[in-house]
Amino acid sequence: MDELKILLENFWVTKDDTEMFNRIRDNEKKLRSFVEDKLGYRLIVNPLLIKLEKIPGDAEDWMGIEEFQSPMDYAFLCLLLAFLEDMGIGDQFILSNITEYIEMQYDGIESVDWTLFKHRKSLVRVLNFAEKLKMIKVDDGEQERFADNREIEVLYENTGLSRYFMRIMNNEISEEMTLDDFMKDDRYEDNKVLERRHRVYRKLLLSPAVYYEGPDDQDFIYIKNYRNTIEKDFDDYLDSKLHIHKTSAYIIFDENKYATSYFPDNKNISDIVLQIAYVLREMIDSGNLNVGVDDCIEITEGQFMNIISDVKNRFKNGWSKVYADMNDDKLFNEITEFMESWKMVIYNDDTHSYTLMPILGKFIGEYRSDFKGAIQNG
């Protein structure tokens, strides 16, 4: 269902997107049967917006607000939400109202100092994010200019959407809360079967891979035992396939034109990782790498650096200039950070080694034979 894909890929759909808003409302009954029964998500539908409250099965490195760069960004966002809480729809305010409010309420390690560029830039990121989600509307002025000039004023309008930004919690949020507390759901206290079903479906939907964690891994056992039902659900609602292997499981989309975060995408780093997988496949086939009984490969950091260097030498003529000219250390760091975020590799601090995960066996990539100059030495 395209409507479900839209809800999964977007924070919410507002009434301004009239066509999609109405399409989702027309399919609301069918959507609810899947998102509430199988995923355990709340579908919020009101005259302002439609929102699917997406809670992950596991918290992943890539999750969070992509535009944000520091804890201060998140703190400023929370204070902006609090600032908007008492305002009515259509109420206007100016930028200095926000800066004064944040300055008084912020309780971080360092005080807010609007003479500092990094603090002004942090607020600009938050305001841009709030505007992108249509929680605020700029009536006059340019908030980007605040980063360079603290005297700039901007006139805003409250849209009323901010009241639906935070997930409805069963308990009051406190400083002592952990990640587990945010994931906790009172519905599961006496119903572990329901909790497992929701967790498994969420993992398959939002994690790059679900890995087998041993004989006591009840989630993986659930996937195997209910594979036909799970396969039908994901096929019916998301046009996707369930792939189950000995030590891992995946949901694979043939095509998802609404997806904004997926692998591989059109970024050059995705191409490079596909080529790394190709070289790894070659090394396995030639006996130069051994796959363990858990479908993982253990290699030293030095070995992995050499592999990435080899991939660069062979394929860099097809890379963007940024990556082709990047020094080896920076290239290695960018690639491994990207691969860690997609659960493709795990760094082992004690042994300074990497575990290459089974998901790397799901894809490979190389240039076509007629792609001139793309492959050197191979």
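Numbering of residues begins at 1 and proceeds along the displayed sequence. The shown structure was predicted, so the numbers you read here are calculated from the model rather than taken from an experiment.
- Tracing side-chain contacts under 4.5 Å through hydrophobic residues (I, L, V, M, F, W, Y), one never reaches Tyr188 starting from Leu205; they form parts of separate clusters.
- Note: Trp319 and Tyr323 have perpendicular aromatic rings, judged against thresholds of 30 and 60 degrees for the angle between ring planes.
- Hydrophobic cluster membership differs between Leu123 and Leu116, with clusters built from Ile, Leu, Val, Met, Phe, Trp and Tyr side chains linked at under 4.5 angstrom.
- By the 4.5 Å heavy-atom criterion applied to side chains, Gln143 and Val138 are counted as neighbours.
- Using a distance-only test at 3.5 Å, with no hydrogens or angles considered, no donor-acceptor pair links the side chain of Asn149 to the main chain of Arg145.
- Put simply, the side chain of Thr300 gets close to the backbone of Gln303: a donor and an acceptor are under 3.5 Å apart.
- At a cut-off of 3.5 Å, with distance as the only test, no side-chain donor of Asn306 or Ser309 sits close to an acceptor on the other residue.
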Practice item. Begin with the C-alpha distance, continue with both residues' side-chain angles, and end with the deciding distance and a verdict on side chain to side chain contact (heavy atoms under 4.5 Å, CB included) for Thr229 and Asp233. Key: CA-CA 6 Å; Thr229 302; Asp233 283 338; 3.8 Å; yes

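- Considering all non-hydrogen atoms of both residues, Asp181 and Glu176 come closest at OD2-O, 4.2 Å.
- The same ILVMFWY cluster, assembled from side-chain heavy atoms under 4.5 Å apart, contains both Met166 and Leu79.
- For the atom pair CG (Asn290) and CD1 (Ile299), the distance works out to 12.0 Å, reported to the nearest 0.5 Å.
- Cluster annotation: Leu331 and Val322 are assigned to the same hydrophobic cluster (Ile/Leu/Val/Met/Phe/Trp/Tyr, side-chain heavy-atom contacts under 4.5 Å, transitive).
- Remark: the backbone N or O of Ile244 is not paired with any side-chain donor or acceptor of Arg227 at under 3.5 angstrom.
- Expressed to the nearest 0.5 Å, how far CZ of Phe363 lies from CD1 of Ile252 amounts to 9.5 Å.
- A 4.5 Å side-chain heavy-atom check between Tyr41 and His198 finds every atom pair outside the cut-off.
- The cluster map of Ile, Leu, Val, Met, Phe, Trp and Tyr, joined by side-chain heavy atoms under 4.5 Å apart, puts Val35 and Leu194 in different clusters.
- When side chains are defined from C-beta on, Tyr156 does not count as touching Asp140, because their heavy atoms never get closer than 4.5 Å.
- We find the CG-CH2 distance between Leu7 and Trp12 to be 13.0 Å, quoted to the nearest 0.5 Å.
- For Arg32 and Glu36, the salt-bridge test passes: some basic side-chain N is under 4.0 Å from an acidic carboxylate O.
- Salt-bridge formation is detected for the pair Arg197/Asp37: a Lys NZ or Arg NE/NH1/NH2 atom is positioned less than 4.0 Å from an Asp or Glu carboxylate oxygen.
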Point to revise | Criterion salt bridge (Lys or Arg N to Asp or Glu O under 4.0 Å) on Arg23 and Glu3, from CA distance to verdict | key: CA-CA 7 Å; Arg23 278 179 58 184; Glu3 295 79 11; 3.1 Å; yes

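- Here the side chain of Lys312 pairs a donor or acceptor atom with the backbone of Met326 at under 3.5 angstrom.
- The hydrophobic cluster containing Ile94, built from Ile/Leu/Val/Met/Phe/Trp/Tyr side-chain heavy atoms closer than 4.5 Å, also comprises Leu155.
- The pair Glu144-Arg120 does not meet the salt-bridge criterion, since no charged nitrogen lies less than 4.0 angstrom from a carboxylate oxygen.
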**Study point:** Worked check of side chain to side chain contact (heavy atoms under 4.5 Å, CB included) between Ile335 and Ile272
**Key:** CA-CA 8 Å; Ile335 289 175; Ile272 296 171; 3.6 Å; yes

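- Summarising the local packing, CG of Asp190 is surrounded by 12 or fewer heavy atoms from other residues, nucleotides or ligands at distances under 6.0 Å.
- Tyr347 and Tyr354 have tilted rings, their planes meeting at an angle from 30° to 60° on a 0 to 90° scale.
- Side chain of Ser240 to backbone of Phe234: a donor-acceptor contact under 3.5 angstrom is found.
- The existence of a salt bridge linking Lys330 and Glu334 is confirmed by a sub-4.0 Å separation between a basic side-chain nitrogen and an acidic carboxylate oxygen.
- A cation-pi contact links Lys30 to Tyr237, judged by a cut-off of 6.0 Å to the six-membered ring centre and 45° from its axis.
- Rounded to the nearest 0.5 Å, atoms CE (Met339) and CD1 (Ile359) are 9.5 Å apart.
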Point to revise | Check against side chain to side chain contact (heavy atoms under 4.5 Å, CB included), Ser96 and Thr99 | key: CA-CA 5 Å; Ser96 57; Thr99 56; 4.1 Å; yes

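- Aromatic ring orientation, Trp114 versus Phe76: tilted (interplanar angle from 30° to 60°).
- No side-chain heavy atom of Lys241 sits under 4.5 Å from any side-chain heavy atom of Ile251.
- In this structure, Phe315 and Val279 have side chains that are in contact, with non-hydrogen atoms separated by less than 4.5 Å.
- Ion pairing between a basic and an acidic side chain is recognised when a charged N comes within 4.0 Å of a carboxylate O; Asp239 and Lys5 show such pairing.
- A donor-acceptor contact shorter than 3.5 Å is absent between the side chain of Ser162 and the backbone of Leu81.
- Between Asp325 and Lys321, the shortest heavy-atom distance links the atoms OD2-NZ, 2.7 Å.
- If you check the side chains of Asn348 and Thr355, you find a donor sitting under 3.5 Å from an acceptor.
- Within 6.0 Å of CE on Met177 lie more than 12 heavy atoms contributed by other residues, nucleotides or ligands.
- With hydrogens and angles ignored, the 3.5 Å screen pairs no side-chain donor or acceptor of Tyr222 with any backbone N or O of Val200.
- Between the side chains of Asn268 and Ser320, a donor-acceptor pair is found at a separation under 3.5 Å.
- For Tyr74, the OH atom is densely surrounded, since the number of other residues' heavy atoms within 6.0 Å is greater than 12.
- The distance from atom CD of Gln275 to atom CD1 of Ile308, rounded to the nearest 0.5 Å, is 12.0 Å.
- Shown here is Glu337, whose CD atom has no more than 12 heavy atoms of other residues, nucleotides or ligands within 6.0 Å.
- With salt bridges taken as basic N to acidic carboxylate O contacts below 4.0 Å, one links Lys132 and Glu67.
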**Study point:** Full working for ring pair (Phe, Tyr, Trp, His ring centres under 6.0 Å) between Phe165 and Phe11
**Key:** CA-CA 9 Å; Phe165 182 84; Phe11 191 78; 4.8 Å; yes

Review point. Glu131 and Lys137: side chain to side chain contact (heavy atoms under 4.5 Å, CB included), yes or no, with the steps?
Key: CA-CA 6 Å; Glu131 186 186 10; Lys137 178 183 172 187; over 6 Å; no

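- At least one side-chain heavy atom of His119 sits under 4.5 Å from a side-chain heavy atom of Glu110.
- Of the possible polar contacts, one joining the Lys54 side chain to the Asn10 backbone as a donor-acceptor pair under 3.5 Å is found.
- Using a distance-only test at 3.5 Å, with no hydrogens or angles considered, a donor-acceptor pair links the side chain of Lys246 to the main chain of Val293.
- The two residues Phe68 and Arg125 make their nearest non-hydrogen contact at CE1-O, 3.9 Å.
- Remark: the backbone N or O of Glu282 is paired with a side-chain donor or acceptor of Ser286 at under 3.5 angstrom.
- Remark: Ile44 CD1 to Leu52 CG distance equals 9.0 Å, nearest 0.5 Å.
- Across Met135 and Asn158, no two heavy atoms sit closer than the pair O-OD1, 3.7 Å.
- Of all heavy-atom pairs between His245 and Phe220, the closest is O-CZ, 3.6 Å.
- Listed here is the closest heavy atom pair of Thr159 and Ile89: O-CG2, 3.7 Å.
- With a 4.5 Å cut-off on side-chain heavy atoms, Pro358 and Tyr250 count as touching.
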